[in-house]
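The block underneath contains the structure these notes are about, expressed in structure tokens.
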Amino acid sequence: LNDILYVATTGGGVFQKALSSATGPWTIVANNNGLSNLSLASIIAVNNTLYVGTNGGGAFQKNVDDNNPWSAVANNTGMTSQYIYAMTLSNNTLYVGSTGGVFQKTLNNNNPWAAVANNMGLTSLTTYSLTLFNNVLYAGSAGRVFQKTLNDNSPWTLVNITGLPSNRTINALVGVNNVLYAGTFGGGVFQKNLLNANEGWTLVVNNNGLTNLSVRSMIIFNNILYAGTNNGVFQKNVTDTNPWTLIANNTGLPQSQRNV
């Protein structure tokens, strides 16, 4: 965001670093003032505002252009869980995945949080990942992926889970070219054709090259899928059948900080 990289940590709060300075230090955003819980599980940037989800303290926000402290989003009113594992945004609405299901909050007003479709159909409330693709919100839980079309009153429905390991949490979801990718903890990366509801999930190139199968995060850019694991970051071009490769052998990434 504006040439600044922000990272959320699991005990130290939020840090920032100028990308234009290779040797510049990391600094704490607003000294974590107002951030009552420093154990963070998710982060997203929207129009110069950072939003973070905490492990037990709810969701907080901070405008990066001022010196004001962090503040709780809508005082976390309306959320039945303060454990926020995932965040995504659509049309000025922030969605969060928590241990109590999926909640939404329209930005720039004082309305409280509300459960998406009252969490109806979401038979597994603990949500580890969220993504939006073609106006459909997808939520990943333990061995399951749910979907909900936005802007209607329909309940959540279960995506065909054939091929997904039932004992692995879905830590990351991303969609591109009508394919949904799921990063699992211990099972690697799976893919599903969204144009065929009856088609199940398959491993992305059988996890070839992915030497660590505990995937914690994923993002896609220019058809390159990046997966953060317990041993650094891997990449895979989704338009070919080449194996996963470790990014630059993770040079410069300390061994103790490779849970990405």
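Residues take their numbers from the sequence shown, with the count starting at 1. Worth knowing before you read on, the calculation uses all heavy atoms, side chains too, and leaves out hydrogens, waters and symmetry mates.
Distance check, rounded to the nearest 0.5 Å: CG of Leu246 to OG1 of Thr211 gives 6.0 Å. Rounding to the nearest 0.5 angstrom, the gap separating the OG1 atom in Thr54 from the CH2 atom in Trp70 is 11.0 Å. Expressed to the nearest 0.5 Å, how far CD1 of Ile220 lies from CG of Leu225 amounts to 5.0 Å. For the atom pair OG1 (Thr88) and OH (Tyr95), the distance works out to 9.0 Å, reported to the nearest 0.5 Å. Remark: Leu35 CG to Asn31 CG distance equals 11.5 Å, nearest 0.5 Å.
Listed by chain and residue number, nothing satisfies the salt bridge (Lys or Arg N to Asp or Glu O under 4.0 Å) test with Asp3 (two or more places apart in sequence, or in another chain). Residues satisfying the salt bridge (Lys or Arg N to Asp or Glu O under 4.0 Å) test with Lys192, not counting sequence neighbours, are none. Remark: Gln147 pairs with Thr157 by the side chain to side chain donor-acceptor pair (under 3.5 Å) rule, at least two apart or across chains.
Between Leu203 and Asn207 the shortest heavy-atom distance is CD2-ND2, 3.3 Å. Scanning all heavy atoms of the two residues, the minimum distance from Gly56 to Tyr83 falls at N-CD2, 3.4 Å. Shortest non-hydrogen contact noted between Ser154 and Lys148 is O-CE, 2.6 Å. Closest of all the heavy-atom pairs between Ser81 and Ser98 is CB-OG, 3.7 Å. When all heavy atoms are compared, the tightest approach of Tyr138 to Leu180 is CD2-CD2, 3.8 Å. The two residues Val29 and Lys62 make their nearest non-hydrogen contact at CG1-CG, 4.2 Å.
Judged purely by atom type and a 3.5 angstrom limit, Asn208 has no side-chain atom pairing as donor or acceptor with the backbone of Trp244. The main-chain N or O of Asn68 is never found under 3.5 Å from a side-chain atom of Asn33 such that the two would form a donor-acceptor pair. A donor-acceptor distance shorter than 3.5 angstrom exists from the side chain of Asn212 to the backbone of Ser214, with no hydrogens or angles considered. Listed for the Asn32 side chain is a donor-acceptor partner under 3.5 Å among the backbone atoms of Val14. Looking only at distances, a side-chain donor or acceptor of Asn119 sits under 3.5 Å from a matching main-chain atom of Gly100. For Asn37 (side chain) and Asn55 (main-chain N/O), a donor-acceptor pair under 3.5 Å exists by modelled atom type. Asn196 contributes no side-chain N or O that, together with a main-chain N or O of Asn193, makes up a donor-acceptor pair within less than 3.5 Å. Between the side chain of Asn242 and the backbone N or O of Asn237 there is no donor-acceptor pair closer than 3.5 Å.
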Task: Intermediate values then yes/no, side-chain hydrogen bond (donor to acceptor under 3.5 Å, both in side chains), Thr162 and Asn160 - done: CA-CA 6 Å; Thr162 302; Asn160 187 336; 2.8 Å; yes
Open item on the list: Working note: Val102 + Leu122, criterion side chain to side chain contact (heavy atoms under 4.5 Å, CB included); need CA distance, chi angles, decisive distance, verdict.
Closed with: CA-CA 9 Å; Val102 182; Leu122 202 62; 4.0 Å; yes
TODO: Go through the steps to decide whether Thr169 and Asn171 satisfy the test side-chain hydrogen bond (donor to acceptor under 3.5 Å, both in side chains), and finish with yes or no.
DONE: CA-CA 6 Å; Thr169 58; Asn171 288 340; 3.1 Å; yes
Open item on the list: Quick one, Ser141 with Phe146, criterion side chain to side chain contact (heavy atoms under 4.5 Å, CB included). Give me CA distance, side-chain angles, the key distance, then yes/no.
Closed with: CA-CA 8 Å; Ser141 63; Phe146 297 86; 3.7 Å; yes
Open item on the list: Show, in sequence, the C-alpha distance, side-chain angles and deciding distance for Arg144 and Thr123, and conclude whether the side-chain hydrogen bond (donor to acceptor under 3.5 Å, both in side chains) test is met.
Closed with: CA-CA 10 Å; Arg144 297 180 179 183; Thr123 55; 2.9 Å; yes
- [ ] Output, in order, the C-alpha distance, side-chain angles, deciding distance and verdict of side chain to side chain contact (heavy atoms under 4.5 Å, CB included) for Asn47 and Thr49.
- [x] CA-CA 5 Å; Asn47 296 330; Thr49 298; 5.6 Å; no
TODO: Determine, stepwise, if the pair Arg216 / Thr229 fulfils side chain to side chain contact (heavy atoms under 4.5 Å, CB included).
DONE: CA-CA 5 Å; Arg216 294 176 175 269; Thr229 74; over 6 Å; no
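Considering only heavy atoms from C-beta on, Thr184 comes within 4.5 Å of Phe190 through its side chain. Proximity of Asn223 to Val176: side-chain heavy atoms (C-beta onward) are separated by under 4.5 Å at one or more points. Looking at heavy atoms from C-beta onward, Phe15 lies out of side-chain contact with Leu5 at the 4.5 angstrom threshold. Two residues are said to be in side-chain contact when any heavy atoms from C-beta on lie closer than 4.5 Å; Lys17 and Thr27 fail this criterion.
The hydrophobic clustering, which links ILVMFWY residues whose side-chain heavy atoms are closer than 4.5 Å, places Tyr181 and Val136 apart. Val179 and Leu164 fall into different hydrophobic clusters, where Ile, Leu, Val, Met, Phe, Trp and Tyr side chains are chained together by heavy-atom contacts under 4.5 Å. Residues Leu150 and Val145 share a hydrophobic cluster, clusters being chains of Ile/Leu/Val/Met/Phe/Trp/Tyr side chains in contact below 4.5 Å. Trp201 and Val238 fall into different hydrophobic clusters, defined by Ile, Leu, Val, Met, Phe, Trp and Tyr side-chain heavy atoms under 4.5 Å apart, directly or through other members. Following chains of ILVMFWY side-chain contacts shorter than 4.5 Å, one can reach Val159 starting from Leu173, so the two form part of one hydrophobic cluster.
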Distance-only criterion, 3.5 Å: show the donor-acceptor pairs between side-chain atoms of residues 124-135 and protein atoms not counting sequence neighbours.
residue : atom : partner : partner atom : Å
Thr127  : OG1  : Leu125  : O            : 3.0
Ser129  : OG   : Ile170  : O            : 2.8
Asn134  : ND2  : Asn178  : OD1          : 3.4

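Atom CD1 of Ile219 has 12 or fewer heavy atoms from other residues, nucleotides or ligands within 6.0 Å. The environment of CG in Asp240 is crowded: more than 12 heavy-atom neighbours from other residues, nucleotides or ligands sit within 6.0 Å. Within 6.0 Å of CG in Asp152 there are more than 12 heavy atoms belonging to other residues, nucleotides or ligands. Counting heavy atoms of neighbouring residues, nucleotides and ligands inside a 6.0 Å radius, atom CG of Asn109 exceeds 12 of them. Residue-environment remark: CG (Asp66) exceeds the threshold of 12 foreign heavy atoms within 6.0 Å.
Residue Met79 shares its hydrophobic cluster (ILVMFWY side chains chained together at separations under 4.5 Å) with Ile44, Val46, Tyr51, Val73, Ile84, Met87, Leu89, Leu94, Val96, Phe103, Leu107, Trp113.
Judged as a salt bridge (charged side-chain N to carboxylate O under 4.0 Å, His left out), not a single pair has a partner in residues 155-176 (not counting sequence neighbours).
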